[in-house]
Amino acid sequence: MTYQLDLLDIQGNVLRAYGRFRYPAARYVFFNIRDGAKGRAFVAALTRRVTTAVQWGEGPDKLPPPEWTLNVAFNYQGLKELDLPRESLIGFSPEFVAGMKDRKDILGDDGPSAPEHWDPIWQHNRETREHDVHIFVSINGLMPLPKDAKPAAVQAAVNDAKARVEAGYRWLLEQVAAQQGGVALLGGHRGDNGELLDYQDVQAVLENGVPTSKEHFGYTDGIGDPVFEGVPYDAERINGRGKQLANGQWAPLAAGEFLLGHTDEALEYPPAPSPLLLARNGTYMIYRKLHENVGTFERYLDEHGQRYPGGKELLAAKFVGRWRDNGAPIVKAWDDASKARFDADYKAADGHGKDQLLSNFTYDEDMSGGRCPFSAHIRRINPRASLEFTRDEQDPAKVCGAFSVSEGAFDTPGALANRRRVLRRGLPYGTVKDRSRDDGNHGIIIMMLNADINRQFEFVQQQWINYGNDFKAGNDKEILLGNHSQSEHFPSKAVLQVDPASDDAPYILPRLPRFVETRGGEYFFVPSLTALRMIAAGTVDPT
Amino acid sequence: MSNIAGKAYAMNVITPIRWYTAWLNKLIFWVALQRPATLKGLITLSLIHYARWVIIGRDQFPHVHPSQPRETLKYSYMLFFSNFNGSWDQYVDSFTFAIPSGLDMFWKWNVRYSKSVSLTPFHKYIRYNQLDTLHYYNAYPLATSNDVKSARIVKAKLLDFDSATRDASDDDFAKQYRTLLRDLQHDLGDMYPTPIVSMSAYQVERRQRWHEGQLDGSKH
Ligand code: HEM
């Protein structure tokens, strides 16, 4: 990689999913600014402690990882309260100005996902000045290396990580106190017993006290994440995560897909506010609290797992596109025999080999969806080159449930996917105490980062998750996240395709329930360090 | 005014072209029609109901009545007319992401054409030269072009299946039924209303429904 990013200017959470760097626990805290000048002083204090994207380790240009990280972002109201000039404010994108709640009809946040069911902090946001969310702060705790691999030692290390989050939080509260009422902490996050908390805690799901990369439905998560130019610690991770080229190779995506002030895949700078120093090395962040209906998921999977010819675990894999146990992509492991081969290879591989087995794949050999269905989570959200597909439709007699690669149709095979990618951050929240119930406190805080909320996140959410036309699936939605219809008469369904050369019939998933519901969220702007300093000093000037 | 009807969007773009290069464009169109491979990208995109490019010579604009003043035009014009599914952004972006060189070939000789990459100048070029649709009717507002194609296929397959299985044994019927479902596994998508195209279009629609008495007074 020859492209160089200014790692000391970019906030650490933009380039790093901390969970992958031994930070298994975090706390998200939100503030309301009561006084602009004090608000800026607060930002100044935080900025001195903000974690950058600098390389960690020993040696030149490197720093040791901090015991707790700190990152900061603002929504539109927050930037206004910090007195950014109007001319800068109007340069932010319309959806950022409007906020997530206002975009509910685009995002499909209806029925049980509608804002009236959100956590109080999100319900009250953008209703009255005093309850508006303005500032987002995240603190992640570093887990020390455990003494040995025994669960007790690992558990102690996880507890240390949590204690470090607490330490960071105490420091944060001191900064709030120092402003003497100038900023107020906003509570209202629902906790385990319906109580309202002052913060949103998240942490890796533990199995016997040991942190895993699982989420509450039991899937292995945190594998797929775009790789773009100039991220030094991702140099080995391009295959399967960058963009797919016509010659079968992979290249990192353009930095401008994820960072303002850099050229993007369309060879231009993404729309951004001025001055350039305010925007450059910053990005937009989508914060979403997603509740997982574990009971509904278990019941539906059990019911259809009994009927589904491949059995329950394969069915679960079909929902997402990966097996639950080790995350094996079903395009590589589509039946028992190929899964056994994958598992053997996986066991034998070293760290990098394992990562490549999991991430380096395409849908080129599975254009008809017989392995990974068109409505599976990862095929919908990152179709790679699989939208360059076609079939002969003129003569219905020739239609046989198959698609093939429409070779050379597009200038680059991933043309329709490359501009729709999102970086994924965040961790699960809560614990599942009773797998037969929906109403516990369990889900995912997902944070997506991208240069253009409308073109990237909102497009994926609206067109690919809650609609299916690009996949020639009509209004069929993505299985796991779709806001499936609650109507008696018009229930949602999904089709699990089969190999067109087989003698099987596709399996229809009838009456899909909602497995996931929105509990809140907002659009934020994650400024660079330079921009944070300018905002804190009140010197943003687009003239 | 609305450029939207159901799941379809109507786009009319009219761009000036020098009269002495217009024939080049006609030649390009002719070649494209002879060699379907040139339109492969467009067809693979599969979100277009119907698209057409027409060169209108500077003397060819309709003169419908003697009272209509005669005009002398400096340029000939290229009319691009398309009915597609999805939003303006989605359509224009799919074009520039997927088939930028094809676009450049068609518009190359148009006056002040910006090229399709980078995106913003191209967006502006289309926006400035687009004529909004005054009236737009859609007989099947729930159907995308993909849905129409699928419906044709489902109908043909069902009729074939019906006649082929009339005297089939149970086993044979089951086998043929599986084959039918497999053949149609990409044609069974639900058909419901379109996701909202934009917040502004959605608000216009809600206001209209409110005026027609279909919405209560609370939110309009
Ligand atoms: C409760 C909600 C969700 C659950 C349980 C969930 C679970 C998963 C799982 C198990 C994977 C596969 C592992 C991996 O590739 O890393 C995955 C991948 C992914 N998810 Fe989600 N997810 C959720 C919500 C979302 C949302 C809302 C988005 C964004 C709109 C999203 C974007 C992605 C992306 C981009 C990938 C990687 C796809 C790839 O590059 O192949 N997820 N998710």
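Note that these values count all heavy atoms, side chains included, but never hydrogens, waters or copies made by symmetry. In the text below, chain A, chain B and the rest are named by the order of the sequence lines, each starting its count at 1.
Between the side chain of B:Lys157 and the backbone N or O of A:Val399 there is at least one donor-acceptor pair closer than 3.5 Å. A donor-acceptor pair is defined here as one N or O able to donate and one able to accept, closer than 3.5 Å; no such pair exists between the side chain of B:Asp183 and the backbone of A:Gly401. With hydrogens and angles ignored, the 3.5 Å screen pairs no side-chain donor or acceptor of B:Lys175 with any backbone N or O of A:Asp503. Looking only at distances, a side-chain donor or acceptor of A:Asp476 sits under 3.5 Å from a matching main-chain atom of B:Asp190.
Under the 30°/60° scheme for interplanar angles, the aromatic rings of A:Phe374 and B:His186 are found to be tilted.
Side-chain atoms of B:Gln90 and A:Asp470, non-hydrogen and from C-beta on, do get closer than 4.5 Å to each other. Proximity of A:Asn475 to B:Leu142: side-chain heavy atoms (C-beta onward) are nowhere separated by under 4.5 Å. A 4.5 Å side-chain heavy-atom check between A:Cys400 and B:Arg182 finds every atom pair outside the cut-off. Considering only heavy atoms from C-beta on, A:Asn418 stays 4.5 Å or farther from B:Phe97 through its side chain. B:Gln185 has its side chain within reach of A:Pro500: a pair of non-hydrogen atoms, C-beta onward, lies under 4.5 Å apart. Side-chain contact between B:Asp93 and A:Arg420: present, with at least one pair of heavy atoms (C-beta onward) separated by less than 4.5 Å. Between A:Arg391 and B:Ile153 there is a side-chain heavy-atom pair separated by less than 4.5 Å. With contacts defined as side-chain heavy-atom distances shorter than 4.5 Å, the pair B:Pro195/A:Asn466 does not qualify.
Of all heavy-atom pairs spanning B:Thr44 and A:Phe389, the tightest one is CG2-O, 3.5 Å. When all heavy atoms of B:Pro100 and A:Asp411 are compared, the pair lying nearest together is CG-OD2, 3.2 Å. Taking all atoms of both residues into account, the shortest heavy-atom contact from B:Val117 to A:Ala266 is CG1-O, 3.4 Å. Here the shortest heavy-atom pairing between B:Met199 and A:Ile106 reads SD-CG1, 3.7 Å. In this structure, B:Asp147 and A:Gly474 approach most closely via the heavy-atom pair OD1-CA, 3.8 Å.
The choice from B:Thr144, B:Asp89, B:Ile99, B:Ile43 that makes the most heavy-atom pairs within less than 4.5 Å of chain A is B:Thr144. Contact count against chain B (heavy-atom pairs under 4.5 Å) is highest for A:Ala409 among A:Ala409, A:Ser368, A:Gly468. When A:Leu267, A:Thr390, A:Val498 are compared by the number of non-hydrogen pairs under 4.5 Å with chain B, A:Val498 comes out ahead. Interface check for chain A: of the options B:Ser101, B:Ser87, B:Ser94, B:Ser150, the most heavy-atom pairs under 4.5 Å are formed by B:Ser101.
In this view, B:Phe161 and B:Phe173 satisfy the ring pair (Phe, Tyr, Trp, His ring centres under 6.0 Å) rule, not counting sequence neighbours.
Residue contact with chain B, scored on non-hydrogen atoms closer than 4.5 Å, is absent for A:Ala494. For a residue to count as touching a neighbouring chain, one of its non-hydrogen atoms must lie under 4.5 Å from one of that chain's; by this rule A:Glu95 does not touch chain B. B:Tyr202 touches chain A through its side chain: at least one heavy atom from C-beta onward sits under 4.5 Å away, while N, CA, C and O do not. Heavy atoms of A:Gln394 lying under 4.5 Å from chain B belong exclusively to its backbone. Neither the backbone nor the side chain of A:Ser485 comes within less than 4.5 Å of any heavy atom in chain B. Both the backbone and the side chain of A:Lys493 come within less than 4.5 Å of a heavy atom of chain B. At a 4.5 Å heavy-atom cutoff, the contact between B:Lys7 and chain A is made by side-chain atoms alone. For A:Ser502, the parts sitting under 4.5 Å from any heavy atom of chain B are the backbone and the side chain alike. For A:Val495, the part lying under 4.5 angstrom from a heavy atom of chain B is the side chain only.
More than 12 non-hydrogen atoms from other residues, nucleotides or ligands lie less than 6.0 angstrom from CD of B:Gln34. Heavy atoms from other residues, nucleotides or ligands lying under 6.0 Å from CD of A:Glu407 number 12 at most. Environment of CG in A:Asp395: crowded, with over 12 heavy atoms of neighbouring residues, nucleotides or ligands closer than 6.0 Å. The local environment of CD in B:Glu212 is crowded, with over 12 non-hydrogen atoms from other residues, nucleotides or ligands closer than 6.0 Å.
A distance of 11.5 Å separates CD of A:Glu265 from OG1 of B:Thr96, quoted to the nearest 0.5 Å.
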